[in-house]
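Inspection log for the structure reproduced underneath, given as C-alpha cells.
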There are 2 protein chains.
Amino acid sequence: MSNETTTRRRRGSEQPTLRQVADAAGVSPITASRALNAPERVNERTRARVLTAVERLGYVPNLLAGSLASARSRFIAVIVPSLANTVFIEVIQGLQDTFEAQGYQILLGNTDYDTDREYQLIRTFLGWSCSALVTAGLRHSEACRALLANWDKPIMEVMELGEALDLNVGLDHTEAGRCMARHLLGRGHRHILFVGARMHGDYRAGMRYTGHREVLEQAGCDAPLLELDHYGSLDAGAEGLERALTHPGGISAIHFANDDLATGALLHAQRRGLSVPGDMAIAGFNGLPLGQHVTPRLTTIRSPRQHMGQLAAEQVIRRLESKRVPRRQHDVGFELLIGEST
Amino acid sequence: MSNETTTRRRRGSEQPTLRQVADAAGVSPITASRALNAPERVNERTRARVLTAVERLGYVPNLLAGSLASARSRFIAVIVPSLANTVFIEVIQGLQDTFEAQGYQILLGNTDYDTDREYQLIRTFLGWSCSALVTAGLRHSEACRALLANWDKPIMEVMELGEALDLNVGLDHTEAGRCMARHLLGRGHRHILFVGARMHGDYRAGMRYTGHREVLEQAGCDAPLLELDHYGSLDAGAEGLERALTHPGGISAIHFANDDLATGALLHAQRRGLSVPGDMAIAGFNGLPLGQHVTPRLTTIRSPRQHMGQLAAEQVIRRLESKRVPRRQHDVGFELLIGEST
DNA sequence: CGCTATCATGTTAGCGCTACCATCGTTGTA
DNA sequence: TACAACGATGGTAGCGCTAACATGATAGCG
C-alpha cells in the first residue's frame, strides 16, 4: 500500500528535515527550531528529546532555508586583492579565527586588483545576505560605492586608514614611508631610491612612497622612484638592486616597497659579493620573518597584520551584536625594526 | 491613501525582489527568472525589458532563495588544515581561479589540523547545500566518513594519492621521499638525518620519511628522524641544523620535511660560517622560490601546487556538468630540483 | 485544413525554515 | 481570589525564488 500522494512531486533531497525531527520528538517544528537555535527558550527535557531525534536521524540543518526565513545569513564577505601576498593571508587568518569562533562563515573573494571584479563580487555577496562586508583597502569603483550606499549592514575596510565608508582598521602608510625615510636620512644617506613593483595595484606602496618623498624633499634630497613589473618578488628585488647600482647620480640606499623585494635584493647582493650596507643599504616593509633570518638582518617596518584582522572582526561583531557601535577608526600602528642592512 | 494590507507584516529587506522586476517589465516572475538564468529560453526583446528593469531598480538576486528553491547552491566547500602554509594557499588559488570562472563560490574552511573540526566544518557546509567538497588530504574521522557516505555530490581529495572517497588529485609523497633519499645516497652520504616539524599534523611529511627510510635501509643505512615542535619554520630549521651537528654518530646531510625548514637551516649555516654542502648537505621539499634564491641554491622537490588545484577544480566541474565522470585518480607528479646545497 | 512540434510564457505549489502572534498553564503579588 | 507576569509551546504565514506542469500561439507538414 503506497502512501504516495497524488500531489505534484518536487525535487528535494532525501535529507531529513526539521519537521521530521519534530515529529520524532513529538513537538512542533518551531519548538524543534528553538531547541537548536535558542536553547534557553525551551524546557530542558524537551530539548533533550529534540537533540536525541537530531542525532538518531542524522539531521543537518538546512542553512539556506534558515537564512532565507530569517533574512540573515551568518556569512561575512571578505574581499582581498590577492592571495599571493602573505600580508593578506595573515589578515584573513586573524579575521577567520575571530569570526569562526562566533559561528560566522567567511565568504572569500579575490579581486586580482581589479575594481570591476570587486563590484561583481560584492553584488554576488549581497545576494547571499551577508551579515557584514570586510574589504582590503579604501579604494572602490563608483558603482561599488553606489551599491554599498543602500546597504545597511556593517562595512569594514582594513589595511590603511582614511575616509572610510563605515568602520576602518589599519595603519598610516604615508607615515610609515616617512618613518623609514627619516631612518635612512639619519644613517647619513642622501641618495635613496624607492623601488616598488606593480604599484598600480599595490597603491599602498604608493602612499609609502609619498611619505618617503615628502621627508626627503624636506631634507633637500631627490626621491627617485623605480617601478618594476616583475611577478616573482625575489627576482624583482634582485633586478631593483642591479638597476640601483647603475642609477645615474649614484645611489647609496634602497627603500623597497616590501620585504620580499628587499630580501630578493639582499640575497642577490650576497651572490654578487656586495656588502650590505657598505655598498648599498637596503630597507623593506612588512616585517616578515624571512627578513630577520638573512644576514645582515633586514631593516624594515613591522605591521600587525594578524592583529589587524582580529581587531577588525571584533569591531564588526560588536556592531552586529549591539546595533549601534560608533563609526570609528582604529590605528593599529607599526614598528620600525632596525637590522644591520642599513 | 495607504496601500498597506492588513496581513501580518513580515521582516524583509527593502531590496527589490524578482516580482517587482517582473511587474516593472510587464512579465511574470518566472519569465523574469528565466531571463536572468536561462536567457535562451526567453524571447530576446522580453529579456531586454527585464534587464532594463533590473538595472533601473538595482535588483540583486537573492541567492539564498534561489538556492533553496532549486536545492543547489553554487558553493564549493574547500577544507584545508592551515592557511599559514604557502602550499595550501597555492592550491586554493588554483581552485579559486578555476571555480570562480565557472561561477562557483568557494566556502573556505580551516581545520587547524584537527579532524573533529573538519567534521564540524563539513556538517556546516552540507547545510549550505554545497555542490561539491574539496578537502586537503585523505585522512578523516570516522564520523566524517559516515557523514559523507550518504552524500551524493562530488568529493575531491587533493594533495596525496591513495584510497580516496571519490575523486583524487595529488602526488605520491612516499615516492618523493624515496627520490630525495636516492639523490642523497648518490652524493655519497651515508649518515642522513630526516628533520620534520609537527609531523602529527603534517602527516604527508611522515609519508616522505617512510619512503626515505625505505631507501636508506635498503642501502644498509640508518634513517634517524628528528621531529621539532617549533612554530616558526625558519627557526625550526636553524635548530634542526644545530641538533644535527651534535647528533651522535655524525651526520653529513639533512633531509628536511620542507623548504622553509631547509632554508632556515641554510641561512643559519651562513650566519654560523658553515659550508653547505661541505660541512653539511641540506635538502628540502616543495620547490618554493625562496630556496632558489639563497646561496647555495637549495636541492628540493618541486610539486605543482597551483596546477593541482586547477586540475582538481576541472575534474569536479566536469563531474558536476555531466553526471557520470569515472572515479579517477590523477597523479600530478613532482620534479627533483638539484641545487648546490647537496 | 487538421495534426503535431516548437517556442514563449504563465499558473501553481512548494523548497525548509523562522517571525509573529496566540494560547495555555503556572506563579507571584496585592 | 483576582489579575498580571512569565514560561513553554504551537498555528499560521510567509522569506524570494524556481520546478513542474499547463497553455496558447505560431510554424511545418502532408
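Residue numbers start from 1 in every chain, and the chains themselves are labelled A, B, ... in the order their sequence lines are given, proteins ahead of strands.
Residues P81(B) and A136(B) approach most closely at CD-CB, 3.8 Å, considering heavy atoms. Of all non-hydrogen atoms in D116(A) and D114(A), the two that sit nearest each other are N-OD1, 2.8 Å. Across S73(B) and S129(B), no two heavy atoms sit closer than the pair OG-O, 2.7 Å.
Distance, N62(B) CG to dG16(D) P: 7 Å, rounded to whole Å. Taking atom CD of residue Q15(B) and atom P of nucleotide dG16(D), one finds them 10 Å apart after rounding to whole Å. Here the P atom of nucleotide dC15(D) and the CD atom of Q20(B) are 11 Å apart, to the nearest Å. Atoms CG (L63(A)) and C1' (dC15(D)) sit 16 Å apart, rounded to a whole Å. Going from atom CG of L68(A) over to atom C1' of dG14(C) covers 13 Å, rounded to whole Å. Whole-Å rounding puts the L57(B) CG to dG16(D) C1' distance at 15 Å. Here dT18(C) presents its C1' atom at 15 Å from CZ of R74(A), a figure rounded to the nearest Å.
Each of L138(B), V169(B), N168(B), V332(B) was checked for a side chain to side chain contact (heavy atoms under 4.5 Å, CB included) with L161(B), and the lone residue meeting it is N168(B).
No more than 12 heavy atoms of other residues, nucleotides or ligands lie within 6.0 Å of CD in E55(A), so this atom counts as exposed by the packing criterion. Applying the 6.0 Å contact sphere to CZ of R72(A) captures no more than 12 heavy atoms from other residues, nucleotides or ligands. With a 6.0 Å radius and a threshold of 12 heavy atoms from other residues, nucleotides or ligands, E40(B) has its CD atom above the threshold.
The CG atom of L18(B) lies 6.5 Å from the CG atom of L36(B); values are rounded to the nearest 0.5 Å. Distance CD1/I106(B) to CZ/F75(B): 11.5 Å, rounded to 0.5 Å. Once rounded to the nearest 0.5 Å, the distance linking OH of Y119(B) with OG1 of T111(B) reads 15.5 Å.
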Produce the list of close N/O pairs, under 3.5 Å, pairing protein atoms with atoms of nucleotides 5-7 of chain D; give distances to one decimal.
none

Short N/O separations, protein against nucleotides 26-28 of chain C, under 3.5 angstrom:
none

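Two residues are said to be in side-chain contact when any heavy atoms from C-beta on lie closer than 4.5 Å; V80(A) and L95(A) fail this criterion. R145(B) has its side chain within reach of H140(B): a pair of non-hydrogen atoms, C-beta onward, lies under 4.5 Å apart. Residues D112(A) and R117(A) have side chains not in contact (no heavy-atom distance under 4.5 Å, counting atoms from C-beta outward).
For residues 43-54 of chain A, proximity to DNA chain D is found at N43(A), T46(A), defined as any non-hydrogen atom under 4.0 angstrom from a strand atom. Within residues 27-38 of chain A, the residues having any heavy atom closer than 4.0 Å to DNA chain C are, in order of number, I30(A), S33(A), N37(A).
Annotation: of the two residues near DNA chain D, R41(B) and V60(B), the 5′-most nearest-nucleotide partner is V60(B).
Side-chain atoms of Q15(B) do not come within 3.5 Å of backbone N or O of Y59(B) as any donor-acceptor pair. Under a 3.5 Å cut-off, the side chain of R47(B) and the backbone N or O of V42(B) do not form any donor-acceptor pair.
Within the structure, a side-chain polar atom (N or O) of R72(A) is placed less than 4.0 Å from OP1 or OP2 of dA19(C).
Looking at residues two or more places apart in sequence or on another chain, you find no ring pair (Phe, Tyr, Trp, His ring centres under 6.0 Å) involving W151(A).
Each end of the helix from dC1(C)-dG30(D) to dA30(C)-dT1(D) gets its own axis from five base pairs, and the two axes differ in direction by 30°, given to 10 degrees.
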